[in-house]
A.B. asks: 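The structure is given below, and queries will be raised subsequently.
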Amino acid sequence: MRAYVLGFQEVDRTRIRDVGGKGASLGELARLEGIRVPAGFCVSTEAFKRVMGEAPPLGELLDRLSRLKAEDRDGIRALSAEIRTIIEGIAIPGDVQDAIARSLAGLGEQAAYAVRSSATAEDLPTASFAGQQDTYLNVIGKPAILEHISRCWASLFTERAVTYRLRNGFDHRKVHMAVVVQKLVVPQAAGILFTADPVTSNRKVSVIEAGFGLGEALVSGLANADGYKVRNGQIIEKTVATKKLATWAVEEGGTEERAIEPERQSRPVLTDEQILRLERLGRRIEGHFGQPQDIEWCLVDEAFSIVQSRPITTLYPIPDAGDQGNHVFLSVGHQQMMTDPMKPLGLSLFQLTAAGSMYAAGGRLFVDPTKQLASPASRDALLDMAGRSDPLLKDALLTIIERGDFIEPLPVDPAASGPGQGKQGMALAGSGAQVEDDPAIVAELIERSQAALEELKRDIRTKTGTALFDFILEDIQRLKKSMFDPRNMGVIMAGMNAAFWINEQMLAWLGEKNAADTLSQSAPNNITSEMGLALLDVADAIRPHPEVVDYLRHARDEGFLEGLASLEGGPEAHDAISAYLARYGMRCVGEIDVTRTRWSERPTTLVPLLLGNIKTFEPGAGSRKFEQGRQEALKKEQELLARLRSLPDGEQKAGETQRMIRRLRTFIGYREYPKYGIVNRYFVYKQALLREAERLVRAHVIREKEDIYYLTFQELREVVRTNALDDQLVSERKDEHERYRKLTPPRVITSDGEIVAGAYKRADLPAGALVGLPVSSGVVEGRARVLLDMADAELAEGDILVTAFTDPSWTPLFVSIQGLVTEVGGLMTHGAVIAREYGLPAVVGVEHATKLIRDGQRIRVHGTEGYVEILSWPGQPDG
């Protein structure tokens with residue numbers, strides 16, 4: 001028998017499908033001793049489905065609604081209004097009305113009630129849907145309650161609710177509506193309690209908003225609220241607002257806003273004792289649900305009643321260091337230029353490759369430099385390196401250190417000073433290894449890396465089953481030994497330190513900023529910048545053959561390379577693309593995640609770039625661009641040396657500078673090579689693991705070979721060993737990954753969950769300028785092309801690329817642009833290095849650049865000073 005009405009005592013958190021998120025939460029709270037919940041009942045989703053089943057026209061309308069895009073506001077508005085009208089016009093069936101009437105009789109039919117929506121996709125641990133459906137207060141009498149229940153059902157299709165579901169991937173047909181009918185309490189005060197700070201995400205800080213009367217004035221934004229913050233049982237902040245309006249229930253039903261008496265407007269809503277009592281109540285509720293809560297409360301006769309509690313779904317997960325101590329965690333993704341979430345196989349493989357411990361949270365990786373920050377011997381070196389790389393990171397760390405209450409300083413240990421601070425310290429603060437200025441060192445390191453790669457390709461072919469996993473683990477150890485070889489680290493640091501030295505000394509001696517940027521252009525042995533120029537050579541091979549160019553315009557993944565064979569010029573194009581893929585095909589966007597699709601796996605990814613190169617450039621552009629950069633670097637060197645020689649001690653300064661320029665150009669290009677070597681190895685591992693996955697598919701252990709991406713390396717080894725896997729695990733991991741995609745990872749997060757954001761300390765900027773980190777000198781104006789996906793690249797000559805971040809796979813775009821702006825990055829991250837190689841003015845670390853700059857706007861990039869000016873809107877004149 002269908003249960004159309006369920007009392008609060010009949011439901012708990014397991015009954016979301018029956019009573020929705022809000023109803024399940026209230027039922028759970030009503031069972032807790034000492035928690036006051038106003039009495040009530042839930043009109044179940046069975047009643048909603050019964051009503052929807054009596055409205056045949058809805059099926060076609062829901063199909064049309066599902067096909068709309070979230071941006072189609074007019075279409076959503078019209079369709080959703082039509083659906084709401086139909087639902088509100090359906091008579092509630094008699095047996096449903098009878099069930100509601102019986103519950104009302106038990107509570108008092110003429111009492112005042114709150115009638116609240118409770119959708120099955122509402123107040124969930126992963127998506128709150130807060131405010132998407134409707135709530136009605138002070139509803140009196142059975143006819144009015146039935147009418148407002150229908151309105152709640154219809155509110156599942158408000159414009160805002162439909163748009164939210166479209167954006168978050170929820171199927172309209174799979175979301176059902178229950179309705180909570182709850183006795184209305186008439187409070188002297190009401191408000192919201194967050195058991196974690198919704199601004200900083202600090203889990204140890206509770207935030208209370210409080211106002212007089214019902215809480216609707218606060219929720220709707222009509223009235224100011226008092227704000228209180230509590231930490232560890234102490235009030236740490238109290239803001240008493242001037243409260244001019246409050247919402248009150250009226251006798252005949254409904255609510256109205258009334259003015260608050262002048263003498264009460266500036267009076268605190270809650271006493272200190274009430275604030276602390278409410279905070280303790282919130283912590284108890286949080287403890288029961290096991291995660292931070294957003295709680296609606298009412299104060300009635302000096303007692304608190306809870307009318308709603310939902311999870312706070314926007315908080316970033318805290319990395320787990322395995323103890324209860326204070327920890328500071330730094331984002332690895334911000335340094336690797338890949339802040340998207342990684343799948344479990346990619347995460348675990350990268351952790352195995354890393355020098356020190358890394359902690360996963362929200363699908364991203366973090367390192368813990370707390371010990372280095374606590375030690376005077378290592379703190380300054382770490383902060384110095386952070387400041388050179390990413391000033392926002394340094395400022396966030398300084399903010400934590402200067403508070404003095406989070407990181408406990410360690411005593412000075414003379415033995416701990418110097419470079420030998422352990423692998424973690426070296427990975428974060430750099431290596432002091434010295435190398436001679438001999439180009440042969442770079443050539444030898446590259447040759448050794450290539451030989452090791454060929455050996456890996458040969459030997460891995462014979463490995464299957466668990467032996468393959470053991471072999472990969474052994475090879476990772478060989479890779480790490482090579483990566484952290486003193487000469488390898490020494491070459492990388494020699495190039496970086498030479499750039500730092502040149503910039504510091506040229507500023508001090510000549511007043512010239514960022515001189516190393518121009519000197520770095522067309523440096524030898526930069527595998528990543530060579531990759532961008534090499535794609536110009538591929539375009540040269542295709543350009544003379546119109547039939548091939550037309551084929552590219554309509555290219556499809558299936559049989560892409562094979563389809564070239566029959567075309568005029570097709571064999572030449574096939575050979576050029578194949579040769580490019582043989583050298584660079586292991587690259588892709590987000591390449592540190594082994595699960596990402598590589599260019600060799602989907603060559604059509606390169607087609608928009610090839611077509612752009614064919615259209616924009618003349619034959620031979622690749623070699624001309626490289627030579628132009630080399631000449632500009634030489635010209636800058638001669639200019640600097642001439643100016644230095646005119647100074648006191650000029651010959652000595654010029655000599656020192658010339659040696660540093662030679663060191664810069666000898667070593668700076670190699671910085672990109674170790675990552676190229678790692679990604680090459682990852683691709684070899686991936687191909688071998690996918691062969692194992694194909695066997696698992698044939699054995700019906702997994703459904704599709706890509707399912708292995710949702711298992712860690714060790715979990716996958718166990719699946720291969722046992723030939724068994726719980727299907728539910730893969731499904732849960734897929735859902736988890738989708739949730740992580742919606743989170744924005746922080747640069748710095750503490751073990752309290754607090755996200756500490758750094759700031760640029762700049763006061764010399766034009767009004768409206770967007771500040772960032774200057775990483776490649778020069779000033780350029782052009783059209784902004786805001787791209788979040790490389791596949792959408794349609795660049796014209798003179799465009800400025802604006803994106804969240806770039807990794808090496810974006811390099812082929814750099815040959816077509818004249819400037820770069822990114823949200824993430826530092827002085828030595830990929831986009832900065834390649835921008836300098838190509839002579840592109842660049843500013844990185846511009847917070848929210850892809851939202852503040854609109855595609856098509858004309859902007860000016862100040863690569864030397866580190867800011868961006870918006871000059872005009874698309875279609876408008878400059879001004």
Side-chain angles (χ1 to χ4, degrees), residues 169 171 174 340-353 360 363 365 453-479 556-562 581 585-605 678-741:
D171 187 338
K174 293 182 179 178
D340 291 342
M342 299 167 69
K343 296 184 179 73
L345 184 60
L347 274 173
S348 60
L349 195 60
F350 196 81
Q351 284 176 300
L352 289 169
T353 313
L365 289 170
L453 180 64
E454 292 306 314
E455 182 182 349
L456 169 64
K457 290 178 179 177
R458 183 193 68 225
D459 294 346
I460 204 169
R461 294 185 191 126
T462 63
K463 309 299 180 184
T464 60
T466 57
L468 169 64
F469 291 82
D470 297 340
F471 174 80
I472 290 174
L473 288 173
E474 291 171 5
D475 189 72
I476 286 173
Q477 294 307 310
R478 288 191 289 270
L479 170 61
R556 301 189 182 279
D557 293 330
E558 189 70 28
F560 168 67
L561 287 174
E562 294 78 4
L581 292 174
M586 79 299 300
R587 311 219 85 149
C588 67
V589 174
E591 61 190 10
I592 64 171
D593 182 354
V594 73
T595 70
R596 292 291 190 104
T597 302
R598 311 284 141 171
W599 291 345
S600 288
E601 296 170 313
R602 189 180 294 159
T604 52
T605 305
I678 293 170
V679 173
N680 260 299
R681 269 180 146 91
Y682 276 7
F683 190 40
V684 176
Y685 300 159
K686 179 182 186 180
Q687 290 171 307
L689 292 172
L690 284 174
R691 288 193 291 270
E692 287 297 309
E694 289 168 357
R695 185 188 65 75
L696 293 171
V697 171
R698 290 194 299 271
H700 305 292
V701 177
I702 58 176
R703 295 181 181 179
E704 52 189 17
K705 61 183 182 180
E706 289 79 10
D707 284 352
I708 69 169
Y709 297 162
Y710 297 93
L711 304 173
T712 68
F713 185 84
Q714 292 296 346
E715 287 171 344
L716 179 55
R717 185 188 189 281
E718 187 65 10
V719 169
V720 168
R721 187 185 72 80
T722 62
N723 240 29
L725 173 66
D726 180 2
D727 283 346
Q728 189 64 27
L729 177 62
V730 171
S731 177
E732 290 171 357
R733 293 275 176 83
K734 288 180 178 180
D735 291 343
E736 185 178 66
H737 183 71
E738 285 304 306
R739 294 198 299 271
Y740 290 160
R741 287 178 58 193

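This chain uses plain numbering: 1 for the first residue, then up along the sequence. Only a predicted model underlies this, so the values are computations on that prediction, with no experimental measurement involved.
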A.B. asks: I want to check something: taking the side chain as every heavy atom from C-beta on, are Glu715 and Leu725 in contact at a cut-off of under 4.5 Å?
C.D. replies: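 Not in contact.
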A.B. asks: Can you list the steps and then say if Ile708 with Val719 is a side-chain contact (heavy atoms from CB on, under 4.5 Å)?
C.D. replies: CA-CA 9 Å; Ile708 69 169; Val719 169; over 6 Å; no
A.B. asks: With a 4.5 Å cut-off on side-chain heavy atoms, are Cys588 and Thr597 touching?
C.D. replies: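 Counting from C-beta outward, Thr597 and Cys588 never come under 4.5 Å.
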A.B. asks: To the nearest 0.5 Å, how far apart are CG in Leu711 and CG in Leu729?
C.D. replies: 6.0 Å
A.B. asks: Which residues pass the side-chain contact (heavy atoms from CB on, under 4.5 Å) test with Thr595, not counting sequence neighbours?
C.D. replies: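 Lys343, Leu345, Asp593, Tyr709.
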A.B. asks: CD of Gln351 to CZ of Phe713: how many Å apart, nearest 0.5 Å?
C.D. replies: 12.5 Å
A.B. asks: Determine whether Leu347 and Thr712 make a side-chain contact, defined as any pair of heavy atoms from C-beta on separated by less than 4.5 Å.
C.D. replies: no
A.B. asks: Identify every side-chain donor-acceptor pair in residues 692-701 under 3.5 Å, counting partners at least two apart or on other chains, and give the distances.
C.D. replies:
| from | atom 1 | to | atom 2 | distance (Å) |
| --- | --- | --- | --- | --- |
| Glu692 | OE1 | Gly465 | N | 3.4 |
| Glu692 | OE2 | Gly465 | N | 3.1 |
| Arg695 | NH1 | Asn723 | OD1 | 3.2 |

A.B. asks: CG/Leu561 to CG/Leu581 distance, rounded to the nearest 0.5 angstrom?
C.D. replies: 6.5 Å
A.B. asks: Please report the C-alpha distance between Phe350 and Ile678 in whole Å, then the side-chain angles of each, then the deciding distance to 0.1 Å, and finally whether the side-chain contact (heavy atoms from CB on, under 4.5 Å) criterion is met.
C.D. replies: CA-CA 10 Å; Phe350 196 81; Ile678 293 170; 5.8 Å; no
A.B. asks: Is the shortest heavy-atom distance from the side chain of Ser348 to the side chain of Gln714 under 4.5 Å?
C.D. replies: no
A.B. asks: Taking side-chain contact (heavy atoms from CB on, under 4.5 Å) as the test, write out the residues that go with Glu738, two or more places apart.
C.D. replies: Arg741
A.B. asks: Can you pull out every side chain to side chain donor-acceptor pair (under 3.5 Å) where at least one residue sits in residues 464-476? Sequence neighbours excluded, please.
C.D. replies: Asp470-Arg717, Asp475-Arg478, Asp475-Arg681, Asp475-Tyr685
A.B. asks: So, the side chain of Arg587 versus the backbone of Trp599: is there a donor-acceptor pair under 3.5 Å, distance only?
C.D. replies: no
A.B. asks: State, with a plain yes or no, whether a side-chain heavy atom of Ile472 is found less than 4.5 Å away from one of Leu689.
C.D. replies: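 Yes, side chains in contact.
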A.B. asks: Are more than 12 heavy atoms from other residues, nucleotides or ligands located less than 6.0 Å from atom CZ of Arg556?
C.D. replies: no
A.B. asks: By salt bridge (Lys or Arg N to Asp or Glu O under 4.0 Å), which residues pair with Asp459, not counting sequence neighbours?
C.D. replies: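 If we apply the salt bridge (Lys or Arg N to Asp or Glu O under 4.0 Å) test to Asp459, skipping adjacent residues, there are no hits.
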A.B. asks: Backbone N or O of Arg596 within a donor-acceptor pair of the Arg598 side chain at under 3.5 Å?
C.D. replies: yes
A.B. asks: Taking the side chain as every heavy atom from C-beta outward, state whether Leu349 and Ile476 have any atom pair closer than 4.5 Å.
C.D. replies: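 When only atoms from C-beta onward are counted, Ile476 and Leu349 do touch, with a gap below 4.5 Å.
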A.B. asks: Say you draw a straight line from CG of Leu468 to CG of Leu716; how long is it, rounded to the nearest 0.5 Å?
C.D. replies: 9.0 Å
A.B. asks: Please examine the side chains of Tyr710 and Asp735, heavy atoms only from C-beta on, and report whether any two atoms are closer than 4.5 Å.
C.D. replies: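 In short, these two side chains do not touch, never coming nearer than 4.5 Å.
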A.B. asks: So, taking the atom named CD1 in Ile460 and the one named CD in Gln687, what distance separates them when rounded to the nearest 0.5 Å?
C.D. replies: 9.0 Å
A.B. asks: Among residues at least two apart in sequence or on other chains, which ones pass side-chain hydrogen bond (donor to acceptor under 3.5 Å, both in side chains) with Lys686?
C.D. replies: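 By the side-chain hydrogen bond (donor to acceptor under 3.5 Å, both in side chains) rule, Lys686 matches Glu601.
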